[in-house]
Structure formats: structure tokens, C-alpha cells
> 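Dropping the structure in here first, questions after.
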Amino acid sequence: MPYSPSEIEARWQKAWDDAALFKAKRTADKPKYYVLEMFPYPSGRIHIGHVRNYTMGDVIARYKMATGHNVLHPMGFDAFGMPAENAAMAIGGHPKTWTYDNIDTMVEQMKPLGFAIDWSRMFATCDPEYYGQQQSLFLDFLEAGLVYRKNAVVNWDPVDMTVLANEQVIDGKGWRSGADVERRELTQWFFKISDYSEELLEALETLDNWPAKVRLMQENWIGKSRGIEIPFERADGGDPIICYSTRPDTMRGASFIAISPEHPLSHALAAENAELADFIAESRKMDTTEAAMEKAEKKGLDTGIRVKHPVYPDQELPVWVGNFVLMDYGTGAVFGCPAHDQRDLDFAQKYGLEVRNAFHMPGDETEVGTEALVPAKTEKVVYIDHFAGVAEVTSQDGIDATIDWFEANDLGKGIVKYRLRDWGLSRQRYWGCPIPVVHCDDCGVVPEKKENLPVRLPDDVSFDIPGNPLDRHPTWRNTPCPACGKPAKRETDTMDTFVDSSWYFARFTAPQADTPTVKEDVEYWMNVDQYIGGIEHAILHLLYSRFFARAMHITGHMPKTAIEPFDALFTQGMVTHAIYVTRDENDRPVYHFPEDVEIHESGARLGATGEEVEVVPSAKMSKSKKNVVDPVSIIQQYGADTARWFVLSDSPPERDVEWTASGAEAASKHLARVWNLCDRIAAMPDGEGAGDADLQKAMHKTIHDVTLGIDSFGFNAAIAKLYGFTATLSKSKASKAVQREAIMTLAQLMAPFTPHLSEDIWHHQKGEGLCAAATWPTADESLLVDDTVTLPIQINGKRRAEIDVPADLDKAEVEKIALANEAVEKALNGGQPKKVIVVPGRIVNVVV
RNA sequence: GCGGGCGUGAUGGAAUGGUAGACAUAUCGGACUUAAAAUCCGAAGGGCGUAUGCCCGUGUGGGUUCGAGUCCCACCGCCCGCACCA
């Protein structure tokens with residue numbers, strides 16, 4: 001019988017289903033294991049990248065199941081967000097219909113892949129049962145002081161009438177409307193994540209099983225810096241201007257003060273200074289994207305105000321408003337030291353301000369010209385009559401001494417700042433979780449009563465005009481004030497979708513509960529033992545989730561032990577595919593589907609015209625580049641096991657893997673080979689064979705290697721070992737009993753990757769029960785060591801010969817045999833070796 | 001600018017400081033076949049050589065070591081993250 005994946009895969013999926021094998025239940029008699037892949041956004045269809053991601057989680061889930069763990073492996077959908085509204089605007093229809101239709105499609109596409117998922121726990125974040133509990137959490141956070149309202153400057157699209165994220169502003173224009181984006185001050189809700197900066201930073205050190213890269217990215221994002229706040233007295237007697245600096249050691253070179261256009265002093269002065277008012281308005285219009293800021297001109301306006309230099313009171317410094325000074329970092333005011341900061345230097349040269357060194361490099365007393373002198377903090381510099389008396393020290397020591405001196409003289413206060421800012425969660429959108437508060441003329445902002453949750457989204461909304469449909473809904477806003485009962489208005493902002501994904505992992509532990517979590521369940525299942533997802537979530541999603549776990553702990557929804565919710569994190573690579581390009585008459589690229597291209601030895605050509613095609617390997621899949629591989633057609637062509645096997649076989653899981661037709665073909669052929677091997681063994685006659693012991697040895701080595709590979713996310717290496725063992729087994733002349741044992745072990749070792757094929761082999765060999773429920777084989781340590789080993793002999797570090805010796809032979813004996821070797825004798829030429837190194841079981845090195 | 005990572009055959013990639021290139025793709029040869037496909041067996045880093053073999057070889061240059069793809073230093077190239085952060 002030929003290998004027929006479509007038939008066996010459906011059959012075994014049903015068998016697992018009937019046995020309720022993947023349904024997770026609390027139990028005390030096994031250790032629990034929670035494996036989770038970042039849940040998908042229901043964009044429409046699953047992508048081959050999803051297949052790889054979930055296969056990794058599935059390998060872990062099935063392996064842990066086989067090694068005696070009680071496994072939780074759930075799946076859900078991150079279902080709120082802009083694309084659903086955009087679709088409604090573009091093609092009509094309703095975001096809700098669009099979203100749920102997509103979810104249905106994607107579940108239907110995922111099920112044939114045979115993942116060991118507990119589908120009974122599935123939910124979408126747009127289910128009222130989910131977002132109602134999220135509103136309940138919000139109210140608890142509000143009561144605990146973890147959420148607050150404040151005015152904030154946001155990117156406002158005046159045409160679409162909504163707030164835009166920074167990445168939605170392109171060249172200063174709204175990405176959809178093309179309108180000039182304004183900086184507008186709005187009252188918004190914020191999570192107090194910045195209160196947890198230090199804790200979130202420190203706890204990173206405990207996350208041993210996270211990639212160092214992710215921890216570092218979070219560390220940089222939190223951005224701790226030690227500096228000082230220095231008040232500058234105003235010559236006119238007004239309130240002092242407080243500047244923040246991390247380089248107070250450059251105070252000698254201070255030649256101006258720059259304050260942010262949003263600084264209160266700027267606003268105050270603007271009232272009587274039209275020029276300044278214009279300057280502020282212009283600054284607000286400025287594009288805030290990185291690229292634009294790089295190019296943007298540093299502009300300033302002298303306010304006419306003068307301050308006293310705190311160290312040299314006879315010096316007066318001008319106060320400028322600078323468009324480059326950020327209001328939301330530090331104090332919104334800085335002192336400029338042109339000699340030691342390139343930006344300050346550019347500014348000073350533009351406006352004719354003084355440039356004066358605070359230090360020189362040792363042995364080089366040249367004054368700064370067009371390039372600022374900015375040494376590393378560990379570099380030694382020579383301070384020029386420094387007020388704290390330091391001379392030649394590292395600039396870090398200079399900074400520390402300066403801060404101490406300022407504090408001792410009561411001229412400033414050492415302070416720690418974080419770059420991390422509070423998390424603004426208000427969105428002027430429809431398709432999100434409504435913020436459950438009510439605005440009452442008499443009572444102000446009043447939380448909705450919990451018994452009125454969920455605050456449901458209305459279905460009767462329209463998307464034919466821009467803006468927030470909730471805002472213009474005729475009746476939805478109207479509600480009695482929860483405090484006084486008088487007519488009041490609901491908040492029409494919804495929550496950032498990152499809120500939805502910040503606690504879904506906890507919800508999976510009790511997805512149907514009528515509280516956000518249930519004590520016994522969340523205590524039993526949390527933490528997530530292994531979390532798997534893309535590096536693109538290294539900062540925001542993971543940081544927000546860490547904050548949420550803490551906030552949920554404070555409000556009694558999460559045990560203390562789960563404030564770091566993800567024990568281990570793995571960031572997987574993408575699936576890429578070559579793109580095939582020709583050029584049109586204007587040299588613009590024209591993309592071609594792989595099936596239209598023929599690969600010849602001389603290069604790639606279009607099948608239809610013979611035109612030469614440029615091949616760009618390993619490109620990210622994209623519909624417009626015509627290099628997307630659809631999992632559904634792959635499953636139809638080759639079966640799920642082949643897809644699963646191939647996406648993990650060729651590259652380490654953290655790296656990208658290129659999908660190639662030949663690779664998929666080869667994977668499929670290999671699985672067929674294993675299947676045929678199973679048939680052949682089943683048909684063998686009983687009786688004696690040759691090399692039973694050798695096959696058993698190879699089998700135990702494979703058990704050992706594959707187990708190690710899966711444990712360490714070395715899936716590609718584990719698969720290579722499985723290839724090797726298949727070759728060994730197919731050449732073996734061992735007895736039927738031993739070959740049967742070998743093929744069944746092979747099936748088990750392959751089962752995390754190719755569960756259907758393994759199950760079928762198990763069945764053919766009359767294995768007990770289901771392969772998916774069988775206990776993982778263990779390697780017999782005694783069979784892992786060989787009786788004899790081949791030792792390479794090096795002469796001066798170069799391999800020159802080999803000897804076969806008993807594995808347990810002692811060093812002296814090995815040395816004796818090595819020295820008697822022909823090649824060694826030749827090299828020694830009758831003399832004595834200078835040194836002989838014997839690494840037992842590894843190598844012999846003779847130094848002559 | 002700051003921070004991090006990576007550079008190994010034609011290709012994807014293996015390799016606790018110990019025989020570099022496992023495994024796979026592509027390629028070539030052979031068996032089977034009238035033939036092809038499928039299947040099976042085999043070759044294969046580069047150079048010289050009939051061959052035993054010898055020389056070279058993990059981006060470049062140095063260093064540590066009996067021994068370096070692996071550790072250290074410098075450089076080159078590519079990739080990623082952050083960034084008017086004072």
C-alpha cells in the first residue's frame with residue numbers, strides 16, 4: 001500500500017479526538033506543563049509561518065505529554081484591531097462578521113495539521129465573555145490606582161478623526177487619509193507601568209530562559225539613567241528652570257539653556273510673544289518619525305530670559321526654546337554644552353553661542369572646533385579647573401564626583417530616570433474593548449458597575465464616514481450614571497489591542513469562568529512553561545504582559561509566583577521563499593509565481609517565454625511578490641506530516657527557513673520511505689538475524705540524541721539523527737523482533753514531528769494503545785558507549801593517523817600504542833616526543 | 001550615534017576547545033527499465049597526483065593553546081533593535 005497522508009491523517013485525528021487526548025484537566029498525579037504559542041490575529045487565512053510556529057509548540061507539547069506531563073496547549077485569537085475596521089470601510093460589511101468568518105476559516109485550516117491543542121479552551125478576544133472580564137480587570141486596576149487619566153499630546157488625523165500611532169504617521173501625514181497630522185492634546189487613559197520601571201528592569205535578570213537579546217531590548221527600552229536635576233536661578237526672579245543632565249561634569253562648558261516648546265514656561269511666554277506662539281505651533285506640526293527627526297533642522301528661539309550659572313554665578317546663560325527638546329523626558333529643559341555634545345554644538349554654531357571645553361583628552365589641549373569631544377565614560381579625561389577638584393579621571397568618575405559635589409552644596413539632586421513612559425491605552429476606534437467608565441456632569445468620571453459588564457459594543461454601526469462610530473452612535477452613549485442614576489454618557493474610547501493580549505495566557509487557565517481568572521486554575525497552570533513567538537513582540541507585548549501579571553497580582557487575579565508569567569521564551573524565525581523577478585521596459589520589477597518559472601542549469605527562465613529570471617533567495621513571503629506558500633495546498637499535496645517535518649528540518653528554529661519545492665518533496669519522500677520500511681518489517685519472517693546488538697545500540701544512541709535535540713530546541717539536529725537512524729534501520733539485517741522494536745521506537749521519536757505517520761506505524765506494528773499516549777523511550781546508558789573507539793592521532797595538531805583501541809584502555813596504554821604507530825615513528829625519526837596529550841575517547845596529540 | 005548578533009562547500013546548515021563540512025537540497029555516476037519517471041546503490045571542500053599521499057581550507061590580520069569554526073584583540077562585510085533621551 002502506498003503512503004497516503006490524506007487518509008491516515010484524518011483517521012488518527014479522529015482517534016485522538018475520540019480519546020480526548022489533548023483535553024487539559026487539573027490533576028495532582030503528574031507535573032503540569034503549559035506550552036503556548038503567541039496567538040494569531042485572524043487576518044483571513046493561515047500562513048506557512050503559523051504552521052512552523054505551532055508545530056514547534058506542538059513538538060514540545062507532544063514530547064512533554066510522552067514524558068509524563070499534564071500538558072496545557074491552547075489556541076485562541078487576538079481578534080480586535082484596525083484591519084477589521086479597514087475591511088469594513090473598504091469592502092463594506094461588519095468588523096464582527098469579518099472577524100468571526102476569518103476565525104472559522106483559520107480554525108478549519110489549522111485542524112488538519114493535527115496539533116495537540118485543547119480546542120475546548122478556544123476563545124477570541126472580541127468575545128464579550130472575554131472583553132467583559134477585561135473590563136472587570138480594568139475596574140480593579142482603576143480602584144488600585146494602576147490606571148489614570150491625563151492630558152497627552154497625540155498624533156491626530158483631522159480627516160479620519162482619530163489618534164494615530166507613531167508608525168501610522170508617514171512623512172507627517174496620516175497613512176490612510178494623507179492629511180497633515182497634528183499634535184493634539186487629548187485626555188487619555190494610562191496604565192501606570194512607569195511605576196514598575198525598576199522592578200521590570202531588575203526582574204529581567206531572573207529570566208534565565210529568555211533569549212539574552214530580548215532581555216537586552218527590554219533593558220534598553222526601560223532605559224535607566226542616573227543623572228541630576230539642577231535648578232537654574234532666573235535673573236528676572238521668576239521660578240527657577242530645572243534642567244536634567246546625565247553629564248553634569250560638563251557644566252563648565254554650559255553656554256545656554258534649552259527648553260521644550262511644550263514646557264510650561266514656553267506656553268506662558270507664548271501668550272505675549274506671537275513669534276514664540278508660531279514657533280510652538282510649527283514644532284507641533286513636525287513629523288515625529290525617526291527618519292524625519294534625523295533630518296529635521298534644530299531650530300530655536302531666544303526667549304530673552306537669562307539664568308545664572310549655578311557654579312559660576314557671575315556668568316549669565318540665555319534661555320532658548322529648542323524644537324529638539326522633548327517634554328516627556330527628564331524635565332523638558334536642558335543646559336547646552338556645545339563642546340561636548342554634537343547637537344548642542346550644531347545649535348551653538350547656528351545661533352552664535354559660546355563653545356567652551358570642560359575637559360581635554362590627556363596630552364591634547366586643542367579646543368573644540370566643528371566636532372564635539374565626546375569620550376566614552378570609561379575613558380580618562382583631564383578636567384579644566386573642575387569645581388569639585390577632580391583632574392585626570394574617567395568621565396564616569398567625573399560625573400559621580402560632580403553629582404556628589406552638587407548634592408553636598410545643595411545645588412542639585414541626583415536622580416534616576418527611566419525612558420519607559422506610561423502606557424496610553426485609549427483608542428478612538430470601534431473594534432476594541434470599550435473602556436467601562438461613564439462621564440456624569442455631576443459625579444465626573446464614574447466606573448461602570450461590575451454587574452453591568454460587559455459593556456457590549458453595539459452592532460448597529462456604520463463605517464461610511466471617518467471617525468469613531470461609537471462617538472456618533474445615536475443612543476449607545478446614553479446610560480444612567482452608576483453613582484447618581486442621572487442620565488450620563490459612556491466613554492467612547494476603546495482599549496489598545498495590546499491590552500487584550502496582555503493577559504490571554506492567564507485566561508486560558510479558566511476560559512469560561514465568570515471572573516477574569518479562577519484561583520485554583522491560575523495557580524495550578526501558571527506560569528507558561530514555554531512561550532513561543534516572534535521577535536517582533538520582544539518589547540511591547542512581553543513588557544506589557546509582565547506589567548499586567550503584576551497588576552493582576554495586586555488586584556488578586558494572579559498568584560505572586562506568576563508575576564513573571566513566562567518561564568521560558570523562544571523566538572522563532574520566519575519561513576521565507578525565493579522570489580522570481582523580471583524587469584519591464586521601464587526597468588520596474590515584475591514578479592512571477594514559482595510554478596511559472598523553470599530552473600535550468602544555466603539559470604531560471606520563464607516557462608512561457610524563456611525570458612531570463614532573477615532569483616532572490618530567502619525573501620519574506622508577501623502576496624505582492626508572489627512568493628507565498630499556502631499551507632492548505634501543501635497539506636493537500638503532501639499531507640500535514642510532511643509540512644510539519646519540513647518546516648523544522650532544514651534550519652535551526654530560531655532562524656529563518658527557506659521553503660523550497662525540492663525540500664518539501666524530499667521530506668515527503670522520506671516519510672514514504674519510513675512508511676515502506678514499516679511495511680517491509682511487518683512482512684518479515686520471525687527468526688534469527690544478524691547484527692541485533694548493533695541495531696539496538698544505534699537505536700539507543702538515537703533515543704539519546706533526539707531527546708537531547710528536542711529538549712534544547714535543536715529540532716533540525718534531531719531530525720538529522722532521525723534520517724540517520726532510518727538509513728541504519730533500512731540496511732539492517734537484524735531479526736524481526738529487534739527491527740520491530742526499532743521501527744516502533746523510530747515512530748515514537750518521530751511522533752512529535754509527524755504524529756499521524758507515527759500513529760499509523762504504531763498501529764501496523766500492533767503497538768499498545770495510541771502512539772500519542774505512549775511513554776517516551778529512554779536510552780540505555782550502557783549501550784551508548786562503544787567497546788572500541790577510533791582515535792585520531794595528531795602530530796603537532798595535524799591529523800596524521802588513526803588507531804582503534806578499547807574504549808576503557810588507560811592513558812598510558814593508549815600513548816604506547818600511539819607512539820608505536822608508523823606515522824608517529826616516522827615523524828619522531830628516532831627521537832623522543834616533546835609531549836603527548838591523550839584525551840580519552842577523543843584524540844591523541846604528539847608534539848615532536 | 002548607542003546596543004546586540006552573524007560570517008563554514010554550489011545551497012540550507014552540523015560540529016561540550018579535540019578527525020571541519022553530520023543531515024538535507026542541487027549535481028554527477030551506476031543498477032533496474034526498450035526508454036523515462038519512480039526506486040535503490042555510490043561519488044563529491046579546493047589544488048596536485050594513477051595512487052599510497054601531500055599541500056591549502058570555517059570573512060581578513062594577529063594572539064592564547066599540545067590543539068581554535070569555537071576563546072581574546074583589531075579590521076571588513078551583512079543583519080537586527082533603539083535613538084533629537086540631554
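Predicted, not measured: the structure shown is a model, and the values here were computed from it. So that the names make sense, note that chain A is the first sequence line, chain B the second, and so on, each numbered from 1.
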> With rounding to the nearest 0.5 Å, note down the distance linking NZ in A:K811 to CD1 in A:I837.
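One finds 9.5 Å between NZ of A:K811 and CD1 of A:I837.
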> Should A:R343 be listed as having a side-chain N or O under 4.0 Å from OP1 or OP2 of B:A86?
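Answer is no, no contact under 4.0 Å.
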> Could you state the atom-to-atom distance from CG of A:D705 to P of B:A22 in whole Å?
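Taking CG of A:D705 and P of B:A22, I get 16 Å after rounding.
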> Would one find a side-chain N or O of A:R799 under 4.0 angstrom from OP1 or OP2 of B:G18?
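False: A:R799 side-chain N/O out of range (4.0 Å or more) of B:G18 OP1/OP2.
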> Considering only NZ, NE, NH1 and NH2 on the basic side and carboxylate oxygens on the acidic side, decide whether A:E205 and A:R215 come within less than 4.0 Å.
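No, A:E205 and A:R215 are not salt-bridged.
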> Considering only atom C1', compute the distance from B:C28 to B:C76 and round it to an integer number of Å.
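Those two atoms are separated by 36 Å.
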> Give a yes/no on whether any side-chain N or O of A:K721 is located under 4.0 angstrom from OP1 or OP2 of B:C23.
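No, A:K721 has no side-chain N/O under 4.0 Å of OP1/OP2 on B:C23.
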> Please give, in whole Å, the distance from B:A68 C1' to A:I843 CD1?
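Whole-Å distance recorded here is 12 Å.
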> Checking all strands, does A:Q794 fall into the base, sugar-phosphate, or nothing category for heavy-atom contacts under 4.0 angstrom?
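If one applies the 4.0 Å heavy-atom cut-off, A:Q794 turns out to touch a base.
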> How far apart are the C-alpha atoms of A:N323 and A:F279, what are their side-chain angles, what is the distance that settles it, and do they pass the side-chain contact (heavy atoms from CB on, under 4.5 Å) test?
CA-CA 8 Å; A:N323 65 353; A:F279 183 81; 4.1 Å; yes
> Return the value, rounded to whole Å, for the distance between atom OH of A:Y418 and atom P of B:A86.
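Computing the A:Y418:OH to B:A86:P distance gives 15 Å.
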> With rounding to whole Å, what would you report as the distance between B:A74 and B:A22 at their C1' atoms?
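The answer is 33 Å between these two C1' atoms.
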> Looking at A:D656 and A:K620, is any side-chain nitrogen of the basic one under 4.0 Å from a carboxylate oxygen of the acidic one?
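Here A:K620 does not pair with A:D656 in a salt bridge, since their nearest N and O are not under 4.0 Å apart.
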> Between B:A83 atom C1' and A:K298 atom NZ, what is the distance in whole Å?
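Atom-to-atom, A:K298 to B:A83, this comes out as 11 Å.
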> OP1 or OP2 of B:C56 sitting under 4.0 Å from any side-chain N/O of A:K798?
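Yes, A:K798 has a side-chain N/O under 4.0 Å of OP1/OP2 on B:C56.
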> How long is the line joining NZ of A:K826 and P of B:G53, in whole Å?
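These atoms are roughly 10 Å apart.
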> Looking at A:R419, does any N or O in its side chain come under 4.0 Å of the phosphate oxygens OP1/OP2 on B:A83?
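It does, given that an N or O in the side chain of A:R419 lies less than 4.0 Å from OP1 or OP2 of B:A83.
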> Closer than 4.0 Å, any side-chain N/O of A:R800 to the OP1 or OP2 of B:C55?
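Answer is yes, contact under 4.0 Å.
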> Please give the distance between the P atoms of B:C73 and B:A86 as a whole number of Å.
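Rounded to whole Å, the distance is 26 Å.
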> Taking 4.0 Å as the cut-off, does a side-chain nitrogen or oxygen of A:Y244 come that near to OP1 or OP2 on B:C85?
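False: A:Y244 side-chain N/O out of range (4.0 Å or more) of B:C85 OP1/OP2.
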> Applying the Watson-Crick and G-U wobble criteria at under 3.5 Å, what pairs with B:A26? Answer none if nothing qualifies.
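Matched B:A26 with nothing under the 3.5 Å cut-off.
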> Considering only the C1' atoms, how many Å lie between B:G7 and B:U19, rounded to the nearest integer?
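Roughly 24 Å separates the two C1' atoms.
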> Of the candidate nucleotides B:G67, B:U19, B:C85, which contains the atom at the shortest distance from the side chain of A:L326?
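Comparing B:G67, B:U19, B:C85 against the side chain of A:L326, the answer is B:C85.
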> Between the base of B:C82 and the side chain of A:N220, is there a donor and acceptor pair under 3.5 angstrom?
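Per atom types, no contact qualifies.
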> Please measure how far the C1' atom in B:G67 lies from the corresponding atom in B:A83, and state the result in whole Å.
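One C1' to the other, the span is 45 Å.
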> Base of B:G12 relative to its sugar, syn (within 90° of 0) or anti?
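Anti, since the glycosidic angle lies more than 90° from 0.
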> Look at the rings of A:F713 and A:F570 and say which category their plane angle falls in: under 30° parallel, 30 to 60° tilted, over 60° perpendicular.
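It falls in the parallel class, under 30°.
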> Please pick, from B:U19, B:G18, B:A86, the nucleotide with the shortest atom-to-atom distance to any side-chain atom of A:T790.
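For A:T790, the side-chain atoms sit closest to B:U19.
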> Pick the nucleotide of RNA chain B nearest each of A:L791 and A:D650; which residue has the one closer to the 5' end?
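Nearest-nucleotide comparison on RNA chain B picks A:D650.
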> Between A:S668 and A:A664, is there a donor-acceptor pair closer than 3.5 Å when you use the side chain of the first and the backbone of the second?
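A pair under 3.5 Å: no.
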> Rounded to the nearest angstrom, tell me the gap between atom CD in A:E802 and atom P in B:U19.
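Value for this atom pair: 11 Å.
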> Would you kindly compare A:R247 and A:G724 by the position of their nearest RNA chain B nucleotide and give the one closer to the 5′ end?
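Final value for this comparison: A:G724.
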> What does A:A666 touch in the nucleic acid at a heavy-atom separation under 4.0 angstrom: a base, only the sugar-phosphate, or nothing?
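Result for A:A666 = sugar-phosphate.
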> Applying the Watson-Crick and G-U wobble criteria at under 3.5 Å, what pairs with B:A74? Answer none if nothing qualifies.
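When the pairing criteria are applied, B:U60 turns out to be the nucleotide that pairs with B:A74.
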> Go through B:G67, B:A14, B:C84 for me and flag the one nearest to the A:F324 side chain.
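In terms of side-chain proximity for A:F324, the closest of B:G67, B:A14, B:C84 is B:C84.
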> Using a cut-off of less than 4.0 Å, is there contact between a side-chain N or O of A:K213 and OP1 or OP2 of B:G4?
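False: A:K213 side-chain N/O out of range (4.0 Å or more) of B:G4 OP1/OP2.
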> Report the nucleotide, chosen from B:A26, B:C23, B:C84, that has the shortest atom-to-atom distance to any side-chain atom of A:S662.
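Side chain of A:S662 sits closest to B:A26.
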> Determine the interatomic distance between C1' on B:U58 and the same-named atom on B:U70; round to the nearest Å.
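Roughly 10 Å separates the two C1' atoms.
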> Applying a 4.0 Å non-hydrogen cut-off, can you work out what A:K417 is touching in the nucleic acid: base, sugar-phosphate, or nothing?
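If one applies the 4.0 Å heavy-atom cut-off, A:K417 turns out to touch nothing in the nucleic acid.
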> If the P atom of B:A26 is compared with that of B:G12, how far apart are they to the nearest Å?
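Those two atoms are separated by 15 Å.
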> Between B:A14 and B:A24, how far apart are the P atoms? Round to whole Å, please.
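My reading of the P atoms in B:A24 and B:A14 gives 15 Å.
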> Taking atom NZ of A:K721 as the centre, does the number of heavy atoms from other residues, nucleotides or ligands within less than 6.0 Å exceed 12?
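Count not over threshold, so no.
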> Whole Å only: how far is the CG atom of A:N716 from the P atom of B:G21?
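Answer to the nearest Å: 18 Å.
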> Measure the acute angle between the ring planes of A:F335 and A:F232, then classify it against the limits of 30° and 60° as parallel, tilted or perpendicular.
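Judged by the thresholds at 30° and 60°, the geometry between A:F335 and A:F232 is tilted.
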> Starting the side chain at C-beta, find the nucleotide from B:C66, B:G13, B:G4 nearest to A:L216.
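From the listed options, B:G4 comes nearest.
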> A:L345 CG to B:A86 P: how many Å, rounded?
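My rounded result for the distance is 17 Å.
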